[in-house]
Amino acid sequence: MLDVKVVRENTSRVEESLRKRNYGLSILDRFLKIENERRELLRLIEEKRGRRNKISEEIAKLKKGKKDVVLILAEAKDISDFITEKEERLKVLEEEARQELLIIPNIPHKSVPAGKDETENVEIRKWSASGGVPKEFDFPPLNHWDIAAMHDIIDFDRASKIAGARFSLMKGMGARLERALMNFMLDLNTSKGYKEILPPILVNRESMTGTGQLPKFEMELFKTADPEFYLIPTAEVPVTNIHRDEILNEGDLPIYYTAYTPCFRREAGSYGKDTRGLIRQHQFNKVEIVKFVKPEDSYNELEKLTNDAEDILQRLGLPYRVIALCTGDLGFSAAKTYDLEVWLPGQQRYREISSCSNFEDFQARRANIRFKREGKKGTEFVHTLNGSALAIGRTVVAILENYQQKDGSVVIPEALREYMGVEVIR
RNA sequence: GGAGGGGUGGCCGAGCGGUUGAAGGCGACGGUCUUGAAAAUCGUUUCCCGAUUAUAUCGGGACGUGAGUUCGAAUCUCACCCCCUCCGCCA
(Lines give C-alpha, C1' and ligand atoms only; values in the text may rest on other atoms or scores of the structure.)
Protein backbone atom coordinates (compact mmCIF):
# COMPACT_ATOMS: atom_id res chain seq x y z
CA MET A 1 0.00 0.00 0.00
CA LEU A 2 1.30 3.40 -0.89
CA ASP A 3 1.36 6.33 1.51
CA VAL A 4 -1.84 8.30 0.98
CA LYS A 5 0.16 11.48 1.36
CA VAL A 6 2.48 10.50 -1.47
CA VAL A 7 -0.44 9.64 -3.72
CA ARG A 8 -2.14 12.93 -2.94
CA GLU A 9 0.82 15.29 -2.91
CA ASN A 10 3.12 13.53 -5.33
CA THR A 11 0.59 12.26 -7.82
CA SER A 12 2.96 12.54 -10.78
CA ARG A 13 5.32 9.99 -9.22
CA VAL A 14 2.49 7.50 -8.96
CA GLU A 15 1.39 8.23 -12.51
CA GLU A 16 4.89 7.59 -13.77
CA SER A 17 5.05 4.36 -11.79
CA LEU A 18 1.78 3.11 -13.26
CA ARG A 19 2.88 3.99 -16.78
CA LYS A 20 6.19 2.17 -16.38
CA ARG A 21 4.35 -0.89 -15.11
CA ASN A 22 1.90 -0.87 -18.02
CA TYR A 23 -1.02 -0.06 -15.73
CA GLY A 24 -3.81 2.28 -16.71
CA LEU A 25 -4.19 5.53 -14.81
CA SER A 26 -7.88 4.99 -14.06
CA ILE A 27 -7.29 3.40 -10.63
CA LEU A 28 -5.41 6.52 -9.58
CA ASP A 29 -8.17 8.84 -10.77
CA ARG A 30 -10.82 6.78 -9.01
CA PHE A 31 -8.83 6.80 -5.80
CA LEU A 32 -8.20 10.54 -5.81
CA LYS A 33 -11.82 11.36 -6.46
CA ILE A 34 -13.01 9.27 -3.52
CA GLU A 35 -10.15 10.42 -1.30
CA ASN A 36 -10.94 14.10 -1.85
CA GLU A 37 -14.58 13.61 -0.98
CA ARG A 38 -13.57 11.61 2.05
CA ARG A 39 -11.26 14.31 3.33
CA GLU A 40 -13.80 17.05 2.86
CA LEU A 41 -16.46 15.09 4.70
CA LEU A 42 -14.08 14.11 7.49
CA ARG A 43 -13.22 17.74 8.09
CA LEU A 44 -16.90 18.60 8.44
CA ILE A 45 -17.59 15.68 10.76
CA GLU A 46 -14.61 16.44 12.99
CA GLU A 47 -15.78 20.01 13.36
CA LYS A 48 -19.24 18.85 14.43
CA ARG A 49 -17.83 16.25 16.76
CA GLY A 50 -15.79 18.94 18.45
CA ARG A 51 -18.96 20.95 18.96
CA ARG A 52 -20.77 17.92 20.32
CA ASN A 53 -17.99 17.25 22.83
CA LYS A 54 -18.23 20.83 24.07
CA ILE A 55 -21.98 20.57 24.54
CA SER A 56 -21.74 17.26 26.33
CA GLU A 57 -19.28 18.77 28.76
CA GLU A 58 -21.66 21.67 29.25
CA ILE A 59 -24.52 19.29 30.04
CA ALA A 60 -22.43 17.48 32.62
CA LYS A 61 -21.65 20.79 34.31
CA LEU A 62 -25.25 21.98 34.29
CA LYS A 63 -26.47 18.70 35.72
CA LYS A 64 -23.92 18.88 38.49
CA GLY A 65 -25.20 22.37 39.31
CA LYS A 66 -28.77 21.05 39.18
CA LYS A 67 -29.61 23.44 36.35
CA ASP A 68 -32.12 22.87 33.59
CA VAL A 69 -30.75 21.17 30.44
CA VAL A 70 -33.83 20.80 28.22
CA LEU A 71 -32.85 23.50 25.74
CA ILE A 72 -29.23 22.49 25.26
CA LEU A 73 -30.27 18.84 25.09
CA ALA A 74 -32.28 19.58 21.99
CA GLU A 75 -29.29 21.16 20.26
CA ALA A 76 -27.13 18.23 21.27
CA LYS A 77 -29.61 15.82 19.77
CA ASP A 78 -29.64 17.73 16.48
CA ILE A 79 -25.88 17.74 16.14
CA SER A 80 -25.69 14.09 17.08
CA ASP A 81 -28.24 13.14 14.43
CA PHE A 82 -26.37 15.16 11.84
CA ILE A 83 -23.09 13.43 12.69
CA THR A 84 -24.65 9.97 12.59
CA GLU A 85 -26.04 10.62 9.13
CA LYS A 86 -22.74 11.95 7.74
CA GLU A 87 -20.77 9.15 9.34
CA GLU A 88 -22.66 6.59 7.32
CA ARG A 89 -21.46 8.22 4.12
CA LEU A 90 -17.94 8.57 5.52
CA LYS A 91 -17.76 4.87 6.25
CA VAL A 92 -18.65 4.04 2.66
CA LEU A 93 -16.02 6.45 1.35
CA GLU A 94 -13.33 5.14 3.67
CA GLU A 95 -13.96 1.59 2.56
CA GLU A 96 -13.96 2.54 -1.11
CA ALA A 97 -10.77 4.58 -0.80
CA ARG A 98 -9.06 1.68 0.94
CA GLN A 99 -10.15 -0.80 -1.70
CA GLU A 100 -8.74 1.40 -4.46
CA LEU A 101 -5.49 2.04 -2.60
CA LEU A 102 -5.02 -1.70 -2.02
CA ILE A 103 -4.87 -2.40 -5.76
CA ILE A 104 -2.35 0.29 -6.64
CA PRO A 105 1.08 -1.34 -7.13
CA ASN A 106 4.32 -0.31 -5.43
CA ILE A 107 6.55 2.35 -7.00
CA PRO A 108 9.67 0.83 -8.63
CA HIS A 109 13.01 1.92 -7.20
CA LYS A 110 14.98 4.33 -9.37
CA SER A 111 17.60 1.66 -10.07
CA VAL A 112 15.03 -0.65 -11.71
CA PRO A 113 15.56 -0.80 -15.48
CA ALA A 114 12.68 0.54 -17.57
CA GLY A 115 11.08 -2.00 -19.86
CA LYS A 116 7.75 -3.28 -21.08
CA ASP A 117 7.99 -7.00 -20.27
CA GLU A 118 10.30 -9.90 -19.39
CA THR A 119 12.22 -9.51 -22.66
CA GLU A 120 13.67 -6.28 -21.31
CA ASN A 121 14.96 -7.67 -18.03
CA VAL A 122 18.67 -7.04 -17.54
CA GLU A 123 21.28 -9.70 -16.89
CA ILE A 124 23.51 -8.61 -13.99
CA ARG A 125 25.95 -11.53 -13.75
CA LYS A 126 26.47 -15.14 -14.66
CA TRP A 127 28.09 -17.94 -12.70
CA SER A 128 29.21 -21.50 -13.25
CA ALA A 129 31.85 -23.71 -11.67
CA SER A 130 33.81 -23.50 -14.89
CA GLY A 131 33.55 -19.71 -14.93
CA GLY A 132 30.49 -18.02 -16.33
CA VAL A 133 29.02 -20.20 -19.06
CA PRO A 134 27.57 -23.66 -18.35
CA LYS A 135 29.70 -26.55 -19.57
CA GLU A 136 28.75 -28.41 -22.70
CA PHE A 137 27.69 -32.06 -22.48
CA ASP A 138 29.45 -34.59 -24.70
CA PHE A 139 26.11 -36.36 -25.11
CA PRO A 140 22.59 -35.04 -25.65
CA PRO A 141 21.30 -34.19 -22.13
CA LEU A 142 17.90 -35.55 -21.14
CA ASN A 143 14.94 -33.78 -19.58
CA HIS A 144 14.52 -34.29 -15.86
CA TRP A 145 11.30 -36.25 -16.33
CA ASP A 146 13.10 -38.76 -18.51
CA ILE A 147 15.91 -39.11 -15.99
CA ALA A 148 13.37 -39.43 -13.17
CA ALA A 149 11.50 -42.12 -15.06
CA MET A 150 14.69 -44.18 -15.55
CA HIS A 151 15.19 -44.32 -11.77
CA ASP A 152 11.49 -44.34 -10.82
CA ILE A 153 11.98 -41.43 -8.44
CA ILE A 154 9.13 -39.16 -9.58
CA ASP A 155 5.74 -40.67 -10.45
CA PHE A 156 3.64 -38.13 -12.34
CA ASP A 157 0.98 -40.62 -13.47
CA ARG A 158 0.06 -41.79 -10.02
CA ALA A 159 0.23 -38.22 -8.69
CA SER A 160 -2.47 -37.24 -11.14
CA LYS A 161 -4.55 -40.25 -10.07
CA ILE A 162 -4.25 -39.24 -6.43
CA ALA A 163 -4.68 -35.50 -6.86
CA GLY A 164 -4.68 -34.29 -10.47
CA ALA A 165 -2.54 -32.54 -13.03
CA ARG A 166 0.40 -30.48 -11.75
CA PHE A 167 1.02 -32.67 -8.73
CA SER A 168 3.97 -34.94 -8.16
CA LEU A 169 4.76 -38.06 -6.20
CA MET A 170 8.37 -38.33 -5.12
CA LYS A 171 9.67 -41.82 -4.44
CA GLY A 172 12.83 -43.36 -3.05
CA MET A 173 15.87 -41.27 -3.93
CA GLY A 174 13.59 -38.58 -5.33
CA ALA A 175 11.86 -38.08 -2.00
CA ARG A 176 15.21 -38.29 -0.28
CA LEU A 177 16.73 -35.66 -2.56
CA GLU A 178 13.85 -33.31 -1.80
CA ARG A 179 14.37 -33.81 1.93
CA ALA A 180 18.15 -33.49 1.64
CA LEU A 181 17.84 -30.16 -0.16
CA MET A 182 15.41 -28.84 2.43
CA ASN A 183 17.81 -29.67 5.27
CA PHE A 184 20.86 -28.44 3.38
CA MET A 185 19.24 -25.08 2.66
CA LEU A 186 17.88 -24.60 6.17
CA ASP A 187 21.22 -25.54 7.75
CA LEU A 188 23.11 -23.16 5.51
CA ASN A 189 20.69 -20.29 6.09
CA THR A 190 20.58 -20.74 9.86
CA SER A 191 24.39 -20.86 9.96
CA LYS A 192 24.31 -17.33 8.53
CA GLY A 193 22.06 -15.99 11.26
CA TYR A 194 18.60 -16.59 9.84
CA LYS A 195 16.25 -17.89 12.52
CA GLU A 196 14.38 -21.03 11.49
CA ILE A 197 10.59 -20.78 11.38
CA LEU A 198 7.98 -23.45 10.71
CA PRO A 199 4.79 -21.45 10.16
CA PRO A 200 1.13 -22.25 9.50
CA ILE A 201 0.50 -22.93 5.82
CA LEU A 202 -3.18 -22.01 6.04
CA VAL A 203 -3.67 -18.35 6.81
CA ASN A 204 -6.47 -15.84 7.18
CA ARG A 205 -7.53 -13.06 4.85
CA GLU A 206 -5.72 -10.34 6.82
CA SER A 207 -2.37 -12.05 6.35
CA MET A 208 -2.90 -12.43 2.61
CA THR A 209 -3.81 -8.74 2.41
CA GLY A 210 -0.77 -7.78 4.50
CA THR A 211 1.73 -9.15 2.02
CA GLY A 212 -0.24 -8.08 -1.06
CA GLN A 213 -1.73 -11.30 -2.46
CA LEU A 214 -5.22 -10.00 -1.68
CA PRO A 215 -7.44 -8.44 -2.78
CA LYS A 216 -6.00 -8.33 -6.30
CA PHE A 217 -4.82 -11.92 -6.80
CA GLU A 218 -7.58 -14.04 -5.31
CA MET A 219 -7.69 -16.11 -8.50
CA GLU A 220 -4.19 -17.43 -7.92
CA LEU A 221 -4.90 -18.83 -4.47
CA PHE A 222 -6.31 -22.06 -3.11
CA LYS A 223 -8.84 -21.62 -0.36
CA THR A 224 -10.64 -23.88 2.09
CA ALA A 225 -14.43 -23.71 2.31
CA ASP A 226 -15.50 -23.93 5.93
CA PRO A 227 -13.91 -22.50 7.86
CA GLU A 228 -12.34 -20.21 5.32
CA PHE A 229 -8.55 -20.24 5.06
CA TYR A 230 -6.12 -19.51 2.29
CA LEU A 231 -3.30 -21.91 1.40
CA ILE A 232 -0.05 -20.00 1.26
CA PRO A 233 1.58 -19.52 -2.16
CA THR A 234 4.90 -18.80 -0.40
CA ALA A 235 6.28 -18.72 3.14
CA GLU A 236 6.61 -14.98 2.65
CA VAL A 237 2.97 -14.69 3.73
CA PRO A 238 2.98 -16.29 7.21
CA VAL A 239 6.54 -15.23 8.00
CA THR A 240 6.14 -11.55 7.08
CA ASN A 241 2.87 -11.49 9.02
CA ILE A 242 4.65 -12.67 12.18
CA HIS A 243 5.09 -9.00 13.05
CA ARG A 244 1.80 -7.67 11.70
CA ASP A 245 0.37 -4.90 13.93
CA GLU A 246 3.54 -4.71 15.97
CA ILE A 247 5.87 -1.88 16.92
CA LEU A 248 9.45 -3.19 17.04
CA ASN A 249 12.36 -1.61 18.84
CA GLU A 250 15.17 -0.21 16.73
CA GLY A 251 17.50 -2.63 18.52
CA ASP A 252 15.43 -5.61 17.30
CA LEU A 253 16.33 -4.85 13.70
CA PRO A 254 17.38 -6.35 11.43
CA ILE A 255 15.32 -9.52 11.87
CA TYR A 256 16.28 -12.46 9.66
CA TYR A 257 14.04 -15.50 9.24
CA THR A 258 14.22 -18.61 7.11
CA ALA A 259 11.36 -21.03 6.69
CA TYR A 260 10.60 -24.22 4.87
CA THR A 261 7.00 -24.62 3.71
CA PRO A 262 5.02 -26.31 1.01
CA CYS A 263 3.55 -23.70 -1.36
CA PHE A 264 0.24 -23.85 -3.21
CA ARG A 265 -0.63 -22.03 -6.41
CA ARG A 266 -3.64 -22.22 -8.67
CA GLU A 267 -1.56 -21.46 -11.77
CA ALA A 268 -4.73 -20.13 -13.36
CA GLY A 269 -4.00 -18.77 -16.79
CA SER A 270 -0.90 -20.89 -17.36
CA TYR A 271 -2.70 -23.89 -18.82
CA GLY A 272 -0.38 -24.51 -21.75
CA LYS A 273 2.89 -23.80 -19.92
CA ASP A 274 5.29 -26.38 -18.51
CA THR A 275 2.71 -29.14 -18.48
CA ARG A 276 5.37 -31.81 -18.21
CA GLY A 277 7.73 -32.25 -15.32
CA LEU A 278 8.33 -30.60 -12.02
CA ILE A 279 8.68 -26.98 -13.10
CA ARG A 280 5.14 -25.74 -12.56
CA GLN A 281 3.18 -27.53 -9.83
CA HIS A 282 0.12 -26.73 -7.74
CA GLN A 283 2.12 -27.82 -4.71
CA PHE A 284 5.86 -27.44 -4.27
CA ASN A 285 8.41 -27.10 -1.51
CA LYS A 286 10.44 -23.99 -0.89
CA VAL A 287 12.84 -22.55 1.64
CA GLU A 288 12.32 -18.84 2.01
CA ILE A 289 14.22 -15.97 3.56
CA VAL A 290 12.42 -12.98 5.06
CA LYS A 291 13.99 -9.80 6.43
CA PHE A 292 12.70 -6.86 8.46
CA VAL A 293 15.14 -3.95 8.29
CA LYS A 294 15.50 -0.22 8.76
CA PRO A 295 14.68 1.80 5.65
CA GLU A 296 18.22 3.08 5.14
CA ASP A 297 19.55 -0.50 5.05
CA SER A 298 17.09 -2.20 2.74
CA TYR A 299 18.95 -1.97 -0.57
CA ASN A 300 22.17 -3.19 0.95
CA GLU A 301 20.15 -6.00 2.54
CA LEU A 302 18.67 -6.91 -0.84
CA GLU A 303 22.17 -7.44 -2.26
CA LYS A 304 23.12 -9.59 0.75
CA LEU A 305 19.93 -11.60 0.51
CA THR A 306 20.50 -12.25 -3.18
CA ASN A 307 24.09 -13.29 -2.47
CA ASP A 308 22.89 -15.72 0.19
CA ALA A 309 20.53 -17.34 -2.31
CA GLU A 310 23.33 -17.46 -4.90
CA ASP A 311 25.59 -19.12 -2.36
CA ILE A 312 23.29 -22.14 -2.32
CA LEU A 313 23.51 -22.53 -6.08
CA GLN A 314 27.28 -22.14 -5.98
CA ARG A 315 27.69 -24.74 -3.26
CA LEU A 316 25.56 -27.08 -5.34
CA GLY A 317 27.65 -26.25 -8.40
CA LEU A 318 24.62 -25.22 -10.45
CA PRO A 319 25.17 -22.65 -13.22
CA TYR A 320 22.93 -19.61 -12.93
CA ARG A 321 22.53 -16.00 -13.83
CA VAL A 322 21.14 -13.01 -11.94
CA ILE A 323 18.46 -10.93 -13.64
CA ALA A 324 17.17 -7.52 -12.61
CA LEU A 325 13.47 -7.41 -13.40
CA CYS A 326 12.44 -4.40 -15.47
CA THR A 327 9.55 -2.12 -14.50
CA GLY A 328 7.09 -3.97 -16.75
CA ASP A 329 7.87 -7.38 -15.23
CA LEU A 330 8.14 -6.32 -11.59
CA GLY A 331 5.70 -7.92 -9.15
CA PHE A 332 2.82 -5.91 -7.69
CA SER A 333 4.28 -5.39 -4.19
CA ALA A 334 7.97 -5.19 -5.08
CA ALA A 335 10.07 -2.04 -5.47
CA LYS A 336 12.97 -4.03 -6.86
CA THR A 337 13.52 -7.69 -7.69
CA TYR A 338 16.43 -9.89 -8.71
CA ASP A 339 15.56 -13.26 -10.18
CA LEU A 340 18.04 -16.12 -10.00
CA GLU A 341 17.78 -18.36 -13.04
CA VAL A 342 19.36 -21.78 -13.03
CA TRP A 343 20.66 -23.45 -16.17
CA LEU A 344 18.68 -26.48 -17.31
CA PRO A 345 20.59 -28.52 -19.89
CA GLY A 346 17.50 -30.58 -20.76
CA GLN A 347 15.72 -27.41 -21.88
CA GLN A 348 18.85 -25.58 -22.96
CA ARG A 349 17.73 -22.49 -21.13
CA TYR A 350 17.79 -20.65 -17.81
CA ARG A 351 14.74 -21.00 -15.56
CA GLU A 352 13.74 -19.02 -12.48
CA ILE A 353 14.71 -20.71 -9.23
CA SER A 354 14.64 -17.74 -6.85
CA SER A 355 13.14 -14.30 -6.68
CA CYS A 356 14.61 -11.78 -4.25
CA SER A 357 12.70 -8.59 -3.60
CA ASN A 358 12.73 -5.41 -1.59
CA PHE A 359 9.20 -4.26 -0.83
CA GLU A 360 10.37 -1.16 1.00
CA ASP A 361 7.45 -0.07 3.24
CA PHE A 362 4.71 -1.34 0.91
CA GLN A 363 3.96 -4.52 2.86
CA ALA A 364 4.83 -2.92 6.18
CA ARG A 365 2.18 -0.26 5.64
CA ARG A 366 -0.47 -2.87 4.70
CA ALA A 367 0.48 -5.13 7.59
CA ASN A 368 1.16 -2.22 9.96
CA ILE A 369 4.69 -3.28 10.92
CA ARG A 370 6.51 -0.38 12.51
CA PHE A 371 9.57 0.35 14.63
CA LYS A 372 10.62 3.02 17.05
CA ARG A 373 13.98 4.73 16.85
CA GLU A 374 15.88 5.10 20.09
CA GLY A 375 15.37 8.53 21.59
CA LYS A 376 13.01 9.68 18.84
CA LYS A 377 9.31 10.33 18.99
CA GLY A 378 6.84 8.49 16.80
CA THR A 379 7.17 5.38 14.70
CA GLU A 380 8.32 4.46 11.19
CA PHE A 381 7.42 1.58 8.93
CA VAL A 382 10.09 -1.11 8.57
CA HIS A 383 11.21 -2.31 5.17
CA THR A 384 10.50 -5.95 4.34
CA LEU A 385 12.38 -8.20 1.94
CA ASN A 386 12.18 -11.79 0.94
CA GLY A 387 13.67 -14.31 -1.43
CA SER A 388 13.57 -17.99 -2.22
CA ALA A 389 16.61 -19.85 -0.97
CA LEU A 390 15.59 -21.84 -2.86
CA ALA A 391 12.62 -23.40 -4.66
CA ILE A 392 13.29 -27.06 -3.88
CA GLY A 393 11.40 -28.75 -6.73
CA ARG A 394 13.24 -26.70 -9.31
CA THR A 395 16.54 -27.43 -7.55
CA VAL A 396 15.78 -31.13 -7.95
CA VAL A 397 15.20 -30.51 -11.65
CA ALA A 398 18.50 -28.61 -11.93
CA ILE A 399 20.47 -31.32 -10.15
CA LEU A 400 19.01 -34.13 -12.21
CA GLU A 401 19.68 -32.33 -15.47
CA ASN A 402 23.10 -30.82 -14.66
CA TYR A 403 24.54 -33.87 -12.93
CA GLN A 404 23.29 -36.54 -15.31
CA GLN A 405 25.88 -38.87 -16.77
CA LYS A 406 26.00 -40.55 -20.13
CA ASP A 407 24.78 -43.83 -18.59
CA GLY A 408 21.74 -42.10 -17.05
CA SER A 409 23.07 -42.05 -13.51
CA VAL A 410 23.04 -38.81 -11.52
CA VAL A 411 26.00 -37.72 -9.44
CA ILE A 412 25.05 -36.07 -6.14
CA PRO A 413 26.75 -32.68 -5.62
CA GLU A 414 29.51 -32.82 -3.03
CA ALA A 415 27.73 -30.51 -0.56
CA LEU A 416 24.64 -32.70 -0.52
CA ARG A 417 26.22 -36.09 0.02
CA GLU A 418 26.13 -36.06 3.80
CA TYR A 419 22.38 -35.41 3.53
CA MET A 420 21.78 -38.01 0.80
CA GLY A 421 23.94 -40.80 2.11
CA VAL A 422 24.86 -41.77 -1.46
CA GLU A 423 27.16 -40.29 -4.10
CA VAL A 424 25.23 -41.36 -7.15
CA ILE A 425 21.67 -42.18 -8.09
CA ARG A 426 21.85 -45.11 -10.46
C1' G B 1 -18.77 -30.78 19.70
C1' G B 2 -20.76 -29.44 25.12
C1' A B 3 -20.18 -26.20 29.78
C1' G B 4 -17.88 -22.05 32.03
C1' G B 5 -14.23 -17.75 32.51
C1' G B 6 -11.72 -13.70 30.21
C1' G B 7 -9.84 -9.82 26.43
C1' U B 8 -7.78 -2.25 29.18
C1' G B 9 -1.11 1.34 27.74
C1' G B 10 5.90 -2.34 26.91
C1' C B 11 4.07 -5.78 31.04
C1' C B 12 0.85 -6.63 35.59
C1' G B 13 -3.64 -4.51 37.15
C1' A B 14 -7.99 -0.76 38.68
C1' G B 15 -11.96 1.44 36.44
C1' C B 16 -20.73 4.21 40.29
C1' G B 17 -22.53 6.21 31.90
C1' G B 18 -20.04 12.62 32.26
C1' U B 19 -12.22 16.74 32.87
C1' U B 20 -10.53 8.55 32.67
C1' G B 21 -6.19 8.51 27.34
C1' A B 22 -7.34 5.96 31.32
C1' A B 23 -5.68 5.03 39.17
C1' G B 24 -1.80 2.00 41.25
C1' G B 25 2.48 -1.04 40.42
C1' C B 26 6.59 -2.94 37.40
C1' G B 27 9.80 -1.75 33.53
C1' A B 28 12.22 2.14 30.65
C1' C B 29 14.23 7.17 30.30
C1' G B 30 15.90 11.91 32.69
C1' G B 31 17.20 14.85 37.33
C1' U B 32 18.81 15.00 42.64
C1' C B 33 21.96 12.20 45.98
C1' U B 34 26.74 9.04 45.50
C1' U B 35 33.95 8.32 44.16
C1' G B 36 30.82 4.78 41.20
C1' A B 37 26.68 1.62 41.70
C1' A B 38 22.52 0.25 44.58
C1' A B 39 18.81 2.32 47.62
C1' A B 40 15.92 6.65 48.25
C1' U B 41 13.48 10.66 45.92
C1' C B 42 11.34 14.01 42.02
C1' G B 43 9.83 14.04 37.03
C1' U B 44 8.82 11.89 32.06
C1' U B 45 6.83 7.79 29.48
C1' U B 46 0.63 5.02 23.86
C1' C B 47 -0.66 5.38 18.91
C1' C B 48 -3.28 7.21 14.39
C1' C B 49 -5.54 11.32 11.38
C1' G B 50 -6.04 16.53 10.46
C1' A B 51 -4.95 22.05 11.05
C1' U B 52 -1.00 25.25 11.79
C1' U B 53 2.73 31.16 13.04
C1' A B 54 4.96 23.45 12.54
C1' U B 55 10.39 18.89 17.42
C1' A B 56 5.47 23.76 20.37
C1' U B 57 -0.01 24.43 20.03
C1' C B 58 -5.08 23.13 18.74
C1' G B 59 -9.09 19.71 16.94
C1' G B 60 -10.73 14.56 16.02
C1' G B 61 -10.24 9.24 16.82
C1' A B 62 -8.56 4.59 19.27
C1' C B 63 -9.72 0.30 26.02
C1' G B 64 -10.36 -7.43 20.98
C1' U B 65 -13.67 -6.24 16.23
C1' G B 66 -18.29 -4.44 14.40
C1' A B 67 -23.18 -2.64 15.28
C1' G B 68 -26.81 -0.55 18.85
C1' U B 69 -28.88 2.50 23.24
C1' U B 70 -27.58 7.74 24.86
C1' C B 71 -26.69 14.71 24.54
C1' G B 72 -22.40 11.67 26.20
C1' A B 73 -19.90 4.54 26.41
C1' A B 74 -13.66 1.44 28.59
C1' U B 75 -18.28 1.34 31.56
C1' C B 76 -25.14 -0.79 29.23
C1' U B 77 -27.20 -4.30 24.86
C1' C B 78 -26.31 -7.60 20.61
C1' A B 79 -23.21 -10.21 17.07
C1' C B 80 -18.49 -11.88 15.74
C1' C B 81 -13.15 -12.93 16.68
C1' C B 82 -9.33 -14.53 19.93
C1' C B 83 -7.39 -16.65 24.57
C1' C B 84 -7.95 -19.78 29.06
C1' U B 85 -10.30 -23.97 32.15
C1' C B 86 -13.25 -28.57 32.43
C1' C B 87 -15.78 -32.71 29.66
C1' G B 88 -15.97 -35.43 24.97
C1' C B 89 -13.21 -36.68 20.45
C1' C B 90 -8.56 -37.02 18.02
C1' A B 91 -2.58 -37.31 15.19
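Computed from a prediction, not measured in an experiment: that's the story for all the values here. The chains referred to below are lettered A, B, ... by the order of the sequence lines, with proteins before strands, and numbering in each begins at 1. All values below come from the heavy atoms of this structure, side chains included, with hydrogens, waters and symmetry mates left out.
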Sugar-phosphate or base contact per nucleotide [nucleotides 44-54 of chain B; S, B, -; heavy atom under 4.0 Å]: --SSS-SS---

Protein-to-nucleotide contact annotation, 5' to 3' order, nucleotides 63-78 of chain B [B base; S sugar-phosphate only; - none; under 4.0 Å, heavy atom]: ----S---BS------

Can you name the ring pair (Phe, Tyr, Trp, His ring centres under 6.0 Å) partners of [X], sequence neighbours left out?
X	value
Tyr256(A)	Tyr194(A)
Tyr350(A)	Trp343(A)
Phe82(A)	none

For [X], give me all partners under side chain to side chain donor-acceptor pair (under 3.5 Å), at least two apart in sequence or on another chain.
X	answer
Thr209(A)	none
Ser160(A)	none
Arg365(A)	Asp361(A)
Asn300(A)	none

Nucleotides 19-21 of chain B: which of its N/O atoms have a protein N/O under 3.5 Å away?
none

Arg43(A): partners by salt bridge (charged side-chain N to carboxylate O under 4.0 Å, His left out), with sequence neighbours left out: none

Enumerate donor-acceptor pairs with a distance under 3.5 Å from any side-chain N or O in residues 9-18 of chain A to protein atoms, sequence neighbours excluded.
{"from": "Thr11(A)", "atom 1": "OG1", "to": "Val7(A)", "atom 2": "O", "distance (Å)": "2.8"}
{"from": "Thr11(A)", "atom 1": "OG1", "to": "Arg8(A)", "atom 2": "O", "distance (Å)": "3.1"}
{"from": "Glu16(A)", "atom 1": "OE2", "to": "Lys20(A)", "atom 2": "NZ", "distance (Å)": "3.4"}

NZ/NE/NH1/NH2 to OD/OE distance under 4.0 Å, Glu100(A) and Lys33(A): no

Along RNA chain B (nearest heavy atom to each residue), the more 5'-positioned of Ala60(A) and Arg51(A): Ala60(A)

Short side-chain N/O contact from Asn53(A) to OP1 or OP2 of G60(B), under 4.0 Å: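 Yes, because at least one side-chain N or O of Asn53(A) sits under 4.0 Å from OP1 or OP2 of G60(B).
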
Pairing nucleotide - A3(B), Watson-Crick or G-U, each distance under 3.5 Å: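 When the pairing criteria are applied, U85(B) turns out to be the nucleotide that pairs with A3(B).
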
